[in-house]
Chemist: 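Dumping the structure here so I can ask a few things about it.
The figures here come from the full heavy-atom set of this structure, side chains too, leaving out hydrogens, waters and symmetry mates.
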Amino acid sequence: EVTANQRAEYPQVFDRIDLIHVVTGIVDVAQVRRCIELSAVKYCPVSAMLSAGPTAIHHRYRVIDVRTEPPVVAEGEVMVTGPGRPATLDGAA
């Protein structure tokens with residue numbers, strides 16, 4: 001799921017994007033968080049390109065664990081990339 005905020009003034013670039021990775025099944029939240037982190041700072045060229053400009057990207061997750069009825073939902077933010085925020089793994093610069 002993606003939502004975004006675009007500046008009113010020209011050039012009308014995005015200044016904030018909220019990217020929510022939704023995962024349903026029997027999964028480990030720590031592994032989901034690690035996958036999102038790797039995508040955000042290592043493997044996704046679109047994230048890198050947007051984050052290099054004025055866009056803050058909030059990388060979030062929603063895990064729907066189907067082992068229970070009703071399913072358990074875990075949500076959180078993994079990291080924010082973008083202006084003034086170096087894209088790093090494990091907090092290393």
Side-chain angles (χ1 to χ4, degrees):
E1 298 176 5
V2 179
T3 58
N5 186 57
Q6 195 172 19
R7 293 190 325 195
E9 64 275 356
Y10 288 93
Q12 292 180 311
V13 297
F14 293 109
D15 58 9
R16 179 181 173 132
I17 295 174
D18 288 281
L19 178 60
I20 303 172
H21 299 262
V22 181
V23 181
T24 302
I26 301 171
V27 296
D28 181 336
V29 172
Q31 291 177 345
V32 170
R33 291 178 59 88
R34 180 66 176 157
C35 289
I36 293 168
E37 181 181 77
L38 287 169
S39 174
V41 300
K42 187 170 184 179
Y43 294 116
C44 182
V46 174
S47 177
M49 181 180 64
L50 290 171
S51 295
T55 308
I57 303 176
H58 294 254
H59 302 270
R60 303 181 54 78
Y61 65 90
R62 181 178 309 123
V63 172
I64 303 167
D65 189 331
V66 297
R67 289 179 279 196
T68 62
E69 187 56 45
V72 173
V73 177
E75 296 182 279
E77 185 165 272
V78 177
M79 66 188 325
V80 179
T81 57
R85 298 172 185 92
T88 62
L89 289 173
D90 299 323

Chemist: Quick check: closest heavy atoms across Pro83 and Thr55, and the distance to 0.1 Å?
Modeler: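 Taking every non-hydrogen atom into account, CD-O, 3.2 Å.
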Chemist: According to a hydrophobic-cluster definition based on side-chain heavy atoms being under 4.5 Å apart (Ile, Leu, Val, Met, Phe, Trp, Tyr only), do Val2 and Val22 belong together?
Modeler: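 Different hydrophobic clusters.
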Chemist: Is there a chain of hydrophobic side chains (I, L, V, M, F, W, Y, each step under 4.5 Å between heavy atoms) that links Val63 to Ile36?
Modeler: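 Linked, Val63 and Ile36 end up in one cluster.
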Chemist: Do you know which two heavy atoms are closest between Ile20 and Tyr61, and how far apart they sit?
Modeler: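 Shortest heavy-atom separation between Ile20 and Tyr61 comes out as CG2-C, 4.2 Å.
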Chemist: Quick one: does Val66's side chain get under 4.5 Å of Ile26's, heavy atoms only?
Modeler: yes
Chemist: Nearest heavy-atom pair of Glu77 and Arg60: which atoms, and what distance?
Modeler: CB-NH1, 3.3 Å
Chemist: Where do Ala40 and Ser47 come nearest, in terms of heavy atoms and distance?
Modeler: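 Taking Ala40 first and Ser47 second, the nearest heavy atoms are O-OG, 3.3 Å.
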Chemist: Going from CG on Leu19 to OG on Ser39, what distance comes out if it is rounded to the nearest 0.5 angstrom?
Modeler: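 Separation between the atoms: 7.5 Å.
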Chemist: Give a yes or no answer on whether the side chain of Thr24 reaches the backbone of Ile64 with a donor-acceptor pair at less than 3.5 Å.
Modeler: no
Chemist: Please tell me whether Met49 and Val13 are part of a single hydrophobic cluster in this structure, the criterion being side-chain heavy atoms less than 4.5 Å apart.
Modeler: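 They do not share one cluster, since no chain of ILVMFWY contacts under 4.5 Å joins Met49 to Val13.
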Chemist: Name the residue from Val73, Val23, Val32 that meets the side chain to side chain contact (heavy atoms under 4.5 Å, CB included) definition with Arg62.
Modeler: Val73
Chemist: Say you draw a straight line from CD1 of Ile17 to NE2 of His58; how long is it, rounded to the nearest 0.5 Å?
Modeler: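 NE2 of His58 is found 10.0 Å from CD1 of Ile17.
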Chemist: Can you check whether Val78 reaches His21 side chain to side chain, under 4.5 Å on heavy atoms?
Modeler: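 Result no, sub-4.5 Å side-chain heavy-atom pair not found.
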Chemist: Mind listing the closest non-hydrogen atom pair of His59 and Thr81 along with its distance?
Modeler: NE2-OG1, 3.0 Å
Chemist: Could you tell me which non-hydrogen atom of Thr68 sits nearest to which non-hydrogen atom of Val72, and how far apart they are?
Modeler: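 For Thr68 and Val72, the tightest heavy-atom pair comes out as OG1-CG2, 3.2 Å.
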Chemist: Return yes if some donor-acceptor pair links the side-chain N/O of Gln6 with the main-chain N/O of Gln12 below 3.5 Å, else return no.
Modeler: yes
Chemist: Honestly curious: do Ile57 and Val41 fall in one hydrophobic cluster under the side-chain, below-4.5 Å linking rule?
Modeler: no
